[in-house]
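Reminder, nothing fancy here: chain letters follow the sequence lines and each chain counts from 1.
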Number of protein chains: 2
Amino acid sequence: MAMRVKEVADLVGISVRTLHYYDEIGLLTPEKTTESGYRLYTDDDLEELQQILFFKELGFPLKKIKEIINNPSFDRHKALVLQRKMLLEKRRRLDKMIATIDKTIQHMKGEIQMTNKEKFEGFDFRHNPYEQEARELWGDEAVDKANAKIGSMSKAEQEAMVRAMNSIYKKLAALRHGSPESEEAQAAIKEWYDFLNHNFGNYSLEAFKGLGQMYVDDERFTKNIDQFGEGLAKFMRDAMAVFADQNKK
Amino acid sequence: MAMRVKEVADLVGISVRTLHYYDEIGLLTPEKTTESGYRLYTDDDLEELQQILFFKELGFPLKKIKEIINNPSFDRHKALVLQRKMLLEKRRRLDKMIATIDKTIQHMKGEIQMTNKEKFEGFDFRHNPYEQEARELWGDEAVDKANAKIGSMSKAEQEAMVRAMNSIYKKLAALRHGSPESEEAQAAIKEWYDFLNHNFGNYSLEAFKGLGQMYVDDERFTKNIDQFGEGLAKFMRDAMAVFADQNKK
DNA sequence: GTTGACTCTCATGCCACGTGATACTTTATA
DNA sequence: TATAAAGTATCACGTGGCATGAGAGTCAAC
């Protein structure tokens with residue numbers, strides 16, 4: 001049942017190299033490989049690839065796509081519905097371009113006049129009406145909110161905040177060679193969870209878990225965090241996942 | 001009346017950097033500049049930019065776009081008509097993708113079955129039905145044909161051919177400091193025209209003229225030809241243009 | 001048991017810009 | 001009329017998404 005690279009490539013209409021690349025960057029890693037190292041794609045992998053290609057068609061960068069679909073709170077159904085809307089929008093743009101070409105042909109024959117603005121209708125990509133909706137569903141709203149809040153604080157407030165964060169970071173760094181499930185680790189992580197909720201508004205447990213994953217995936221976070229101890233980011237991700245799972249049900 | 005970079009960028013929906021870049025690679029050089037070096041785009045420049053963007057929307061690489069629109073036999077009207085067809089084709093692809101998304105949503109709900117092939121309908125780009133038409137209007141058909149033919153010849157045949165070509169090249173090289181319109185030059189060019197037609201199938205006069213332009217534009221040709229004498233490529237281009245124009249009407 | 005199609009992992013290249021940095025020019029405002 | 005703000009110029013380097021080999025191993029078919 002499982003398919004090999006070229007078979008997938010031919011079915012989908014992309015290159016083998018592209019599949020290799022997606023594997024390399026961790027965007028689409030086939031579920032299995034043979035002993036000799038051949039990649040084997042299952043039907044599930046194909047569905048994920050389909051998701052990826054929808055995003056790609058809409059102009060999302062691969063890095064972003066990875067973030068979105070790896071997010072534990074990713075909702076495939078919502079995604080498809082919004083993507084549908086965005087594809088329809090894209091089609092409207094295309095219709096405009098076709099209208100523009102028609103006008104241009106008439107204009108060439110001298111049949112009509114055209115303003116400069118009219119000559120470029122359909123090209124402008126900058127304002128997609130579903131951008132906001134997309135940001136809400138997939139954006140880094142949480143991160144942006146935090147950044148905005150930090151930006152709006154006075155210097156003194158910022159320093160106080162940094163001190164508070166550092167103290168929690170240090171506590172965690174001291175524990176990072178132990179188990180993420182230990183009582184101390186979980187207590188420190190709870191402190192972290194409460195701190196974030198207090199300062200940056202409500203994080204769901206799922207979002208909290210997703211944030212932990214981001215600490216590892218996004219090097220801006222990793223760098224910052226690992227200053228307090230190598231491997232701290234990974235440790236926090238694990239501890240945050242444990243915390244979320246334990247407090248969920 | 002003339003516009004500056006940002007004004008154009010805002011009108012069209014592209015970046016200033018993009019305009020700089022297009023200038024840098026010689027794709028779109030503004031007609032005028034101010035004393036202080038500011039680029040000034042006229043309405044003609046805007047129309048060329050529109051052409052460029054149509055090609056770009058259809059996925060043509062910038063280098064190819066440059067070749068096409070700089071070709072002296074470029075026919076703007078024909079181009080627009082074909083581009084219109086290709087845009088419609090692109091819209092059909094989008095419609096397929098939207099249908100695919102609809103099916104996928106139903107499939108998720110368990111309402112219908114989907115084959116793997118169906119999951120990717122609309123993605124495959126490889127065969128655009130207007131590709132052939134586009135190649136005929138804009139492609140390097142002639143070059144490809146020649147290459148294919150040369151590749152299929154025996155070594156002896158290849159050598160005979162090279163000898164024949166060299167003799168014509170030398171004849172032309174000897175004449176290259178005179179006028180491209182001179183009787184000798186035109187006679188030699190006719191020999192060249194006949195030689196090409198005999199060996200590589202029918203060149204129209206327009207195609208012949210276009211080929212000459214390519215000798216100058218495409219450095220692979222220029223290098224090869226100029227081995228027989230510096231400036232020979234340019235001389236041949238001019239002589240070929242004269243030949244085409246004189247024998248046309 | 002050898003061809004030929006397919007696969008793997010590097011390594012390097014390429015295109016179409018993005019992103020500063022630094023310096024100069026033009027327009028708006030005090 | 002001076003000064004600030006906005007725009008423009010030219011380097012120079014960086015980046016994303018692969019393409020294009022090179023070299024070596026794998027696998028089914030005749």
Calculate the interatomic distance between [X] atom [atom1] and [N] atom [atom2]; express it in whole Å.
| X | N | atom1 | atom2 | answer |
| --- | --- | --- | --- | --- |
| B:His20 | C:dC17 | NE2 | P | 14 Å |
| B:Leu27 | C:dC15 | CG | P | 14 Å |
| B:Ile52 | C:dC17 | CD1 | P | 11 Å |
| B:Tyr22 | C:dC17 | OH | C1' | 8 Å |
| B:Ile14 | C:dA16 | CD1 | P | 14 Å |

Subject >> Donor-acceptor pair, side chain of A:Lys32 and main chain of A:Ala2, under 3.5 angstrom >> reply: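 Not a single qualifying donor-acceptor pair exists.
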Subject >> B:Gly122 backbone acceptor or donor facing B:Arg93 side chain under 3.5 Å >> reply: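 Such a contact is found between B:Arg93 side chain and B:Gly122 backbone.
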Subject >> side chain to side chain contact (heavy atoms under 4.5 Å, CB included), paired with A:Thr104, selected from B:Gln51, B:Gln83, B:Arg76 >> reply: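 Checked B:Gln51, B:Gln83, B:Arg76 against A:Thr104; only one passes side chain to side chain contact (heavy atoms under 4.5 Å, CB included): B:Arg76.
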**OP:** Name the nucleic acid region contacted by B:Val16, choosing base, sugar-phosphate or nothing; use a 4.0 angstrom heavy-atom cut-off, strictly under.
**Re:**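 The answer is nothing, as B:Val16 stays clear of every strand by at least 4.0 Å.
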Original post:
DNA chain D: B:Glu7 or B:Arg17, which has the more 5' nearest nucleotide?
Top reply: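 Closer to the 5' end of DNA chain D: B:Glu7.
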**OP:** Would you kindly compare B:Arg4 and A:Tyr21 by the position of their nearest DNA chain D nucleotide and give the one closer to the 5′ end?
**Re:**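 Checking each residue's closest nucleotide, the 5'-ward one belongs to B:Arg4.
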**OP:** Classify the angle between the aromatic ring planes of B:Phe55 and B:Phe60 as parallel (below 30°), tilted (30 to 60°) or perpendicular (above 60°).
**Re:**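 The arrangement is perpendicular - the two ring planes meet at more than 60°.
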Original post:
Below 4.0 angstrom from OP1 or OP2 of C:dC8, is there any side-chain N or O of A:Lys6?
Top reply: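 False: A:Lys6 side-chain N/O out of range (4.0 Å or more) of C:dC8 OP1/OP2.
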**OP:** Could you please spell out the steps behind the salt bridge (Lys or Arg N to Asp or Glu O under 4.0 Å) verdict for B:Lys6 and B:Asp10?
**Re:** CA-CA 6 Å; B:Lys6 189 174 160 47; B:Asp10 287 347; 3.3 Å; yes
Original post:
Between residues 32-44 of chain B and DNA chain C, which residues have a heavy-atom gap below 4.0 Å?
Top reply: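 Contacting residues: B:Ser36, B:Tyr38.
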**OP:** Give a yes or no on whether A:Gln106 atom CD has more than 12 heavy-atom contacts from other residues, nucleotides or ligands under 6.0 Å away.
**Re:**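 Atom CD in A:Gln106 is crowded, with more than 12 foreign heavy atoms closer than 6.0 Å.
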Original post:
If you walk 5' to 3' along DNA chain D, what is the first nucleotide with an atom under 4.0 Å of a heavy atom in chain A, and what is the last?
Top reply: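 Extent of the interface on DNA chain D: D:dG17 to D:dC27.
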**OP:** Quickly, which of A:Thr34, A:Thr33, A:Asp45, A:Asp23 forms a side-chain hydrogen bond (donor to acceptor under 3.5 Å, both in side chains) with A:Arg39? Name it, please.
**Re:**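 The single option meeting the side-chain hydrogen bond (donor to acceptor under 3.5 Å, both in side chains) with A:Arg39 is A:Asp23.
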Original post:
For A:Phe235, what residues pass the ring pair (Phe, Tyr, Trp, His ring centres under 6.0 Å) criterion, not counting sequence neighbours?
Top reply: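 Partners of A:Phe235 by the ring pair (Phe, Tyr, Trp, His ring centres under 6.0 Å) criterion come out as none, since no residue qualifies.
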